[in-house]
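Worksheet for the structure shown next.
In the text below, chain A, chain B and the rest are named by the order of the sequence lines, each starting its count at 1. Predicted, not measured: the structure shown is a model, and the values here were computed from it. Side chains included, hydrogens not; waters and symmetry mates left out as well; all remaining heavy atoms used.
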There are 2 protein chains.
Amino acid sequence: MSTFTEENYLKAIYKLGHRGEDWVSTNSLAEILNTKASSVTDMVKKLAEKDFVNYKPYTGVNLTAKGLEIAVGTIRKHRLWEVFLVERLDFKWDEVHEIAEELEHINSDELVLRLEKFLGYPKYDPHGDPIPDRNGKVLHHKNRVLSDLKINEEAIIVGVKEHAPSFLQYLEKHNLLLGTRIKVRNKFEFDHSLVVEVKGIENTVSHQVAKNLYVVNE
Amino acid sequence: MSTFTEENYLKAIYKLGHRGEDWVSTNSLAEILNTKASSVTDMVKKLAEKDFVNYKPYTGVNLTAKGLEIAVGTIRKHRLWEVFLVERLDFKWDEVHEIAEELEHINSDELVLRLEKFLGYPKYDPHGDPIPDRNGKVLHHKNRVLSDLKINEEAIIVGVKEHAPSFLQYLEKHNLLLGTRIKVRNKFEFDHSLVVEVKGIENTVSHQVAKNLYVVNE
DNA sequence: TTAATTTTTTAGACTTATCTAAATTTTTTA
DNA sequence: TAAAAAATTTAGATAAGTCTAAAAAATTAA
Ligand SMILES: [Mn+2]
Ligand SMILES: [Mn+2]
Ligand SMILES: [Mn+2]
Ligand SMILES: [Mn+2]
């Protein structure tokens, strides 16, 4: 069994671990968990004690198989609940993250399985993030972002890298929702902004926005 | 704001307070909260500090308006989630209590309102218990139990006083689900058991069962 | 390659919720 | 109404998770 706090630490380690480095630093964890480095050191020692992480002093931590299972399971619950909130309770995609942060810690395997069935076995959450299956398998294929596209390339928006409500609201206002087909009309060297065509209308998009939108061709 | 633990204490005080006494004792709380009397004493002092309860040493506690609001709000959430689990996720009525014990602590007013709407504003939970409305109003009218009926009286089962899964499973096996019309055919002085007619079939029911089934005439 | 800076850990303290054992108060019994 | 029993509170500890301040280690810069 794992607590609310432990699940949040494991999830954070998972997310940082997938940003490239194989050892996640104390400081980076402290930052995304809104806590202090000294608290993180204490906590990761306890997680190592329970065999959820490997901990090397002054180097960092990474997940054991046991820790990975909990982290992915928690993310699976988070994303399934987000689908429920948006598709069944009519929440907007920028309103669900905080609530899902609580719901993800409800522990009942049966509940998750039935929720998943009720929702029709969704593959992605409202932000385009893949939902791990019951065995912990996760699809990973969102490698390109809008700013990677060349002039005249066409693509479809499939996800967001940044999840801040303000960003999601911006996308909604500018018709840049998931599933939208876009074409790059122009790119500017100066500030890396680009002009995209959305439903026949041209729009200027900043680099800040373009690098946070996942796209696929066709 | 109130924590998981505080909400459980307030809910317990509410339930015990509605069993007659105006002051709820330390020991009775310790029993239903599966904790020790000394822990309860510590906790109720903190609750009094926050103005959730009135506390009189050696006498007991009762809820303030603030405490009552939290208690009823928590019960409201619990029962709405139970409806969701049974009606939407196809859980059986004896499987939902433990999960609802966790879900009831998710704090988002918006979530509760939308869940209630999604469920079609149910008035009762799967065990026949009334769901408090958004203003904290609760319907209370389950005064009679099966054992109160006289011979030849007819009634409909509308709720259970005991919520143990084993009792609920017993009722299911014996066709004594909510909404069932029954008629008392005989009553035995000796052990207070009674014979009831259910869908044309006669069944013997123990006093233990009969006193835990809420009924209404007509 | 020493000095300065940054990162990480340790030490000691605090809060919440719990426990056991002992003390105190209330209730019951004789 | 005094003694016995039961209920309740207090005292002192513990575990989880957090903090600040200080020490130690690692990294970067001169
Ligand atoms: Mn989210
Ligand atoms: Mn999401
Ligand atoms: Mn219940
Ligand atoms: Mn119920």
Between CG of B/L29 and P of D/dT9 the distance, given in whole Å, is 11 Å

Here the distance between atom P of D/dT27 and atom CG of A/N27, to the nearest Å, is 13 Å

Each nucleotide of nucleotides 10-26 of chain C classed B (base within 4.0 Å of a protein heavy atom), S (only sugar-phosphate) or -, in 5' to 3' order, makes B------BBBBB--BSS

Problem set entry | Flag for B/T41-B/S38: side-chain donor and acceptor within less than 3.5 Å | no

By the Watson-Crick or G-U definition, both distances under 3.5 Å, D/dT10 is matched with C/dA21

| task | Would you please say whether a donor-acceptor pair under 3.5 Å links the side chains of B/H78 and B/H97? | result | yes

Polar contact flag, side-chain donor to acceptor under 3.5 angstrom, B/S193-B/D191:
yes

**Asked** Is B/E172 atom CD crowded by more than 12 heavy atoms from other residues, nucleotides or ligands, each under 6.0 Å away?
**Response** yes

In whole angstroms, the gap separating P of C/dT9 from NZ of A/K56 amounts to 13 Å

Worksheet item: Do B/E6 and B/K50 sit within salt-bridge range, that is, some charged N less than 4.0 Å from a carboxylate O?
Response: yes

For C/dT29, the nucleotide meeting Watson-Crick or G-U wobble distances (both under 3.5 Å) is D/dA2

dist A/L47:CG -> A/D42:CG (nearest 0.5 Å) comes out at 11.0 Å

